[in-house]
Amino acid sequence: MTEGFRPPPYPYDRLDELKALADQHEGGCVDLSVGTPTDPATAEVIAALASSNAERGYPASIGSLAYRTAATGWLGRRFDLDVDPAHLAACVGTKEFVALLPQLLHLRTPERDTILFPAVSYPTYAMGATLAGCRAVAVPLDDKWRIDIAAISDDDARRALALWVNTPGNPAGGLDDLGAVAAWGRAHSVPVFSDECYIEFTWSGAPRTILEHGSDGVVAVHSLSKRSNLAGARAGFYAGDPDLVEYLSEVRKHMGLMVPGPVQAAAVAAFGDDAHVDAQRDRYYHRLERAQQIMAAVDAPCDLPQGGFYLWARAPDGDAWALARTLATRGGVLVSPGEFYGEAGSDHVRVAVVQSDAQLDLVARRLDVS
Ligand SMILES: Cc1ncc(COP(=O)(O)O)c(C=O)c1O
């Protein structure tokens, strides 16, 4: 009998033992492992969620015109882009989009079988390839955690269904040269998918989107999870190359993938407001600085990231699990060992500054950080 697919343990489920150690502290575990927002959504967003009446009928899979127009309005306002709402479609948060994409591209182009993605990255890029029975090929990063597209072999490029990039990057906060990436994709006829869910948390220079470099052969992927603290509502979109957006949205309609109507109404309110994002940026930046002091106190000094809300710290002696254990035991705090994001990150830990200042202060007190 041939062995079928067995899902590997979910990365964060592997932290249960460390969580139990951290929980022994008075006040319990401070969880900085999963990047799940804990700050509130705005009152307007919650009101829209509760009062749209949109729960009655089936929502449009591509998103209502109001949803798509609110999203293009945000792209125009914040990034000076002029995107036609016809070239943008909703996704149910972006994780499902990332996980399903290889399967949908492979159905259309069965002679290709490879997904390219950054060697240290969000694990779902590789998992999506695996779930589609495709090859997951990691592309190395340079010393600033930027994708090194020159390292992609001709054979992998010929076989590639897609190249994923992620700017600002999770977990290391690197900023890619998206113009160069778009040009590489066009030169090799490989569609580029640019995951830009941390775009509002760009700390170094102006925010970057691949759509600044035209839409031919590229798709930008965005989420309200981080921008607007709506991870529990599940709302995102993808926009760019008209042919790719049309194909993907047609297949996804057949699959019944829909952002619930009330969530679409809430998303319209969220896309329409920037003040709450400015407040969230301030919160995260302040917390990154606080967490940086904490990491220095356990001999893991690190730079602030160029973007995103993660610290990416090299462990003393490169032993990330030992550092995670020290933090759990002494600080009652849970962080993620870097191997969750790829072998090339296995000597680092990722610290998600998603808990309140009071929670970070609690960790600082436990570790005698002033
Ligand atoms: C790089 C990256 N992409 C996509 C996602 C998925 O976010 P969501 O499915 O909530 O939109 C995450 C979540 O942590 C992420 O870090």
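Because only heavy atoms are used, hydrogens play no part in the values below, and waters and symmetry mates are left out as well, while side chains stay in. Order of listing sets the numbers, starting from 1, for every ligand and every atom in it.
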| Within the distance-only criterion (no hydrogens, no angle test), does the side chain of Ser336 pair as donor or acceptor with the backbone N or O of Ser33 below 3.5 angstrom? | yes
| request: Assign the ring pair Phe309 / Tyr198 to parallel, tilted or perpendicular, where the plane angle (0 to 90°) is split at 30° and 60°. | output: perpendicular
| query | Is the number of heavy atoms from other residues, nucleotides or ligands within 6.0 Å of CG (Asp80) greater than 12? | reply | no
Give one line per pair: atom of ligand 1, protein atom, distance. Only N/O to N/O under 3.5 Å.
{"unit_1": "ligand 1", "atom_1": "3 (N)", "unit_2": "Asp195", "atom_2": "OD2", "d": "2.6"}
{"unit_1": "ligand 1", "atom_1": "7 (O)", "unit_2": "Thr94", "atom_2": "OG1", "d": "3.4"}
{"unit_1": "ligand 1", "atom_1": "9 (O)", "unit_2": "Thr94", "atom_2": "N", "d": "3.0"}
{"unit_1": "ligand 1", "atom_1": "9 (O)", "unit_2": "Lys95", "atom_2": "N", "d": "2.8"}
{"unit_1": "ligand 1", "atom_1": "9 (O)", "unit_2": "Arg234", "atom_2": "NH2", "d": "2.7"}
{"unit_1": "ligand 1", "atom_1": "10 (O)", "unit_2": "Ser225", "atom_2": "OG", "d": "2.6"}
{"unit_1": "ligand 1", "atom_1": "10 (O)", "unit_2": "Arg234", "atom_2": "NH1", "d": "2.9"}
{"unit_1": "ligand 1", "atom_1": "11 (O)", "unit_2": "Thr94", "atom_2": "N", "d": "2.8"}
{"unit_1": "ligand 1", "atom_1": "11 (O)", "unit_2": "Thr94", "atom_2": "OG1", "d": "2.7"}
{"unit_1": "ligand 1", "atom_1": "11 (O)", "unit_2": "Ser223", "atom_2": "OG", "d": "2.7"}
{"unit_1": "ligand 1", "atom_1": "11 (O)", "unit_2": "Ser225", "atom_2": "OG", "d": "3.4"}
{"unit_1": "ligand 1", "atom_1": "14 (O)", "unit_2": "Lys226", "atom_2": "NZ", "d": "2.7"}
{"unit_1": "ligand 1", "atom_1": "16 (O)", "unit_2": "Asn170", "atom_2": "ND2", "d": "2.8"}
{"unit_1": "ligand 1", "atom_1": "16 (O)", "unit_2": "Tyr198", "atom_2": "OH", "d": "2.6"}

| request: Classify the side-chain pair Gln280/Asn229 by whether it contains a donor and acceptor separated by less than 3.5 Å. | output: yes
| message | Restricting to salt bridge (charged side-chain N to carboxylate O under 4.0 Å, His left out), what partner residues turn up for Arg208, sequence neighbours left out? | response | none
| Donor-acceptor pair, side chain of Asn53 and main chain of Glu55, under 3.5 angstrom | no
